[in-house]
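All remarks here apply to the structure that follows.
So you know, we letter chains A, B, ... as the sequences are listed, proteins then strands, and number each from 1. The structure displayed is predicted, hence computed values, not measured ones.
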Amino acid sequence: MSIQLYNTLSQKKEVFTPINPDEVTMYVCGPTVYNFVHIGNARPVVIFDTLFRLLQRHYPSVKYARNITDVDDKINAAAKANGETIRELSERYALAYHEDMGQLNTLPPTLEPRATDNIDAMIEQIQALIDHGHAYESEGHVLFQVSTDKEYGKLSHRKLDEMIAGASERVDEASYKKEPADFVLWKPSTDDLPGWDSPWGRGRPGWHIECSAMINKHLAKTIDIHGGGQDLIFPHHENEIAQGTCCHNEGEEQFVRYWMHNGYLNIDGEKMSKSLGNFFTVRELLELWPGEVIRYALLTAHYRKPLDWTKDLLASAKASLDRLYGALRDAPLDLDDSVEHPMLSELESHLCDDLSTPQVLAVLHALAGEINKADGNAKVQLQKVLRKAGDFVGLLNQDADAWFKWQPAGQQGGLSDGDIDALIAERAQAKKDKNFARADQIRAELKDQGIILEDSPEGTRWTRD
RNA sequence: GGCGCGAUAGCAAAGCGGUUAUGCACUGGAUUGCAAAUCCACGUAGGCCGGUUCGACUCCGGCUCGCGCCUCCA
């Protein structure tokens, strides 16, 4: 089954053929760690985690790198305000990032290079750009001269002169630039700012250089897949291409073969962004919802489409997962990789079609329907299939009972599991005594606390609403 | 101004030139001491106007509306 991916470069779906099928390479732009990440940051992480899982099933080895940007003017400012080093600040938020992404059941990338550990590679690449006549030094800065790159604009599908014309009011016409579109590779640091020694004096890297330098250093000259949010297409990824190709000999090698970009997350129909301030951090959402609900919600829309983030979306994701976990009641937790089923191939074919996750979720529900109609060994087998299907997209990996008993961190302090079990025992006795009034009273009391009882021949089960 | 994306039933969201998406919500039935869960049944949706076609939600053109990017942003 071949994998098809939409390539921003060609603006169409292409059959994915890696340079080296024995080792697929993928790079995804990670966070700038100066704060807790927001839900918009989580979308690409979940999307590319889903792709990572798919690739791992198709190829023996997948090298997936996701960087941590730990030097940046926002980090510098935040650290200075706290009176700490950028390392201390970024360390703290990198840890929080790992915790948050772990809650979304994302696998750790194969490697996670940090900008500050790779300054040498950046300096080396900048020097190569200068040597090849694509960059120049000016007033302590090193700039990439965009007009020297004939291919510039091929990712964002813009022409350089149009960009300059359209953006004339916005582009920073700093004195040290030869041409307005030139962008910074290296900039000087004053004594109170983090800096590294370089051939151009003590300074720090521009934003774009870290990714192309770390890709060359840790992955390869040419990698298979590079991913990120749509807002990175221009200028960030366009500039990465310029750096990543121009630092080598002319026309030598492609930088990235497949560029993938996820759509935005909207809040009330408006783009969520740090600058607009209309964002939720993953951390605050995790106070109210299980991480799996957030992951499911992110997978309900196709990754290239915008996704409107609302409370209804989360409530609906929760309800959908309730149905899926309902089919996994009493199912063993361990994965049985050997299990086979036509619906697994169907599901895989949807994933292979440019990560068509909405269709994947439909297959999960079809499986749940089959399970609910089956019994005995057939049911057990189908439950194993559903577990495996869920694993394909990083869902349904917890115990169903635990799922139904989950409660928000912010709301703990109500009835404990023990309190509930005691009331259920009392109700069982009342039922035995045909005291249905008392039994119903207990049901009603628990319902007021958000506890739903389900009687069955095997006993009474409860779930938190 | 340049470039791009979208418009599907109450809500969310897919595929597909002719035949069920799916989930949530709603309604009826089965089941249940009462419930819940589950099962069964139930929706001529496809912005507007043309065109192609035996047939269009699906292809083509135009229009309207909404959104994004054009050097802070996932």
Side-chain angles (χ1 to χ4, degrees), chain A residues 8 11 28-32 37-48 72-74 146 153 156-159 161-172 180-184 207-208 227-236 238-239 261-266 269-276 279 296-297 299-302 304-308 310 312-313 315-324 326-327 329 350 353 356-366 368-369 371-373 404 431 434 436-437 439-440 443-444 447 452-457 460-463 465:
Chain A
T8 307
Q11 296 179 296
V28 174
C29 287
T32 302
V37 294
H38 62 62
I39 185 63
N41 296 303
R43 190 174 191 194
V45 180
V46 167
I47 298 293
F48 291 105
D72 164 276
D73 285 349
K74 281 185 282 243
V146 169
S156 51
H157 302 99
R158 300 154 207 255
K159 293 191 175 68
D161 47 348
E162 282 173 0
M163 273 187 276
I164 292 168
S168 58
E169 293 152 28
R170 275 173 288 240
V171 172
D172 178 21
D182 295 350
F183 59 89
V184 171
W207 174 37
H208 315 294
Q230 265 169 11
D231 48 349
L232 294 183
I233 295 173
F234 190 87
H236 185 53
E238 194 68 64
N239 292 354
H261 294 95
N262 62 275
Y264 296 113
L265 213 106
N266 295 327
E270 292 283 306
K271 180 188 161 188
M272 168 193 281
S273 79
K274 286 181 190 171
S275 52
L276 289 174
F279 63 89
Y296 189 102
L299 295 175
T300 52
H302 183 81
R304 282 189 280 115
K305 293 271 184 80
L307 175 62
D308 204 18
T310 61
D312 276 0
L313 175 71
S316 174
K318 169 82 160 59
S320 298
L321 280 165
D322 280 344
R323 178 164 166 85
L324 296 176
R329 293 261 197 200
H350 291 313
D353 182 14
S356 191
T357 54
Q359 297 202 85
V360 167
L361 301 183
V363 174
L364 296 184
H365 283 281
I371 291 169
N372 289 335
K373 276 177 271 189
F404 284 111
K431 277 172 64 177
K434 304 278 182 213
F436 293 120
D440 289 350
R443 179 193 286 293
K447 189 163 187 228
I452 309 295
L453 298 185
E454 296 176 27
D455 291 337
S456 78
T460 298
R461 195 144 59 183
W462 63 270
T463 69
D465 198 7

* Would you please classify the geometry between the A:Y296 ring and the A:H365 ring as parallel, tilted or perpendicular, with 30° and 60° separating the classes? => perpendicular
* To do: Identify whether a stacking contact exists between A:F436 and B:G33, where the ring centres must be under 5.5 Å apart and the planes under 30° apart.
  => yes
* **N/O donor-acceptor pair, side chain A:R304 with base B:C5, under 3.5 angstrom** => no
* Check whether NZ of the Lys or CZ of the Arg A:R158 lies under 6.0 Å from the centre of the six-membered ring of A:F234 and within 45 degrees of that ring's axis. => yes
* To do: Fit a plane to each ring of A:H38 and A:F279, take the angle between them on a 0 to 90° scale, and name the class: parallel (under 30°), tilted (30 to 60°) or perpendicular (over 60°).
  => tilted
* Using purine N1 to pyrimidine N3 plus N6-O4 or O6-N4 for Watson-Crick, or N1-O2 and O6-N3 for G-U wobble, both under 3.5 Å, which nucleotide pairs with B:G6? -> B:C65
* Please evaluate the base of B:A74 for a donor-acceptor partner in the side chain of A:R43 within a cut-off of under 3.5 Å? => no
* Among the candidates B:C70, B:U71, B:G15, find the nucleotide nearest to the side-chain atoms of A:R158. => B:C70
* NA contact type, A:K305, heavy-atom cut-off 4.0 Å: base, sugar-phosphate, or nothing? -> sugar-phosphate
* May I ask you to say what A:K271 touches in the nucleic acid, namely base, sugar-phosphate or nothing, with a heavy-atom cut-off under 4.0 Å? => base
* A:G228 near the nucleic acid: base, sugar-phosphate alone, or nothing, with a heavy-atom cut-off under 4.0 Å? -> sugar-phosphate
* Asked: Quick check: does any side chain N or O of A:S316 sit under 3.5 Å from a backbone N or O of A:L313, one acting as donor and the other as acceptor?
  -> no
* Indicate, with a heavy-atom threshold strictly under 4.0 Å, whether A:H350 touches base, sugar-phosphate, or nothing. => nothing
* **Base B:G15 paired with A:D353 side chain (donor-acceptor, <3.5 Å)** => no
* Complement of B:A12, any strand, by Watson-Crick or G-U distances under 3.5 angstrom -> B:U22
* Confirm from the modelled atom types if A:D455 and B:C34 form a donor-acceptor pair under 3.5 Å, side chain to base only. => yes
* Would you classify A:N372 as touching base, sugar-phosphate or nothing, given that sugar-phosphate means primed atoms plus P, OP1 and OP2, and contacts are heavy atoms under 4.0 Å? => sugar-phosphate
* Asked: With a 4.0 Å cut-off on heavy atoms, is A:R323 in touch with a base, just the backbone sugar-phosphate, or nothing at all?
  -> sugar-phosphate
* Asked: Contact class for A:L265 (heavy atom, under 4.0 Å): base, sugar-phosphate, or nothing?
  -> base
* To do: Would you indicate what A:L453 reaches in the nucleic acid, counting non-hydrogen atoms under 4.0 angstrom: base, sugar-phosphate, or nothing?
  => base
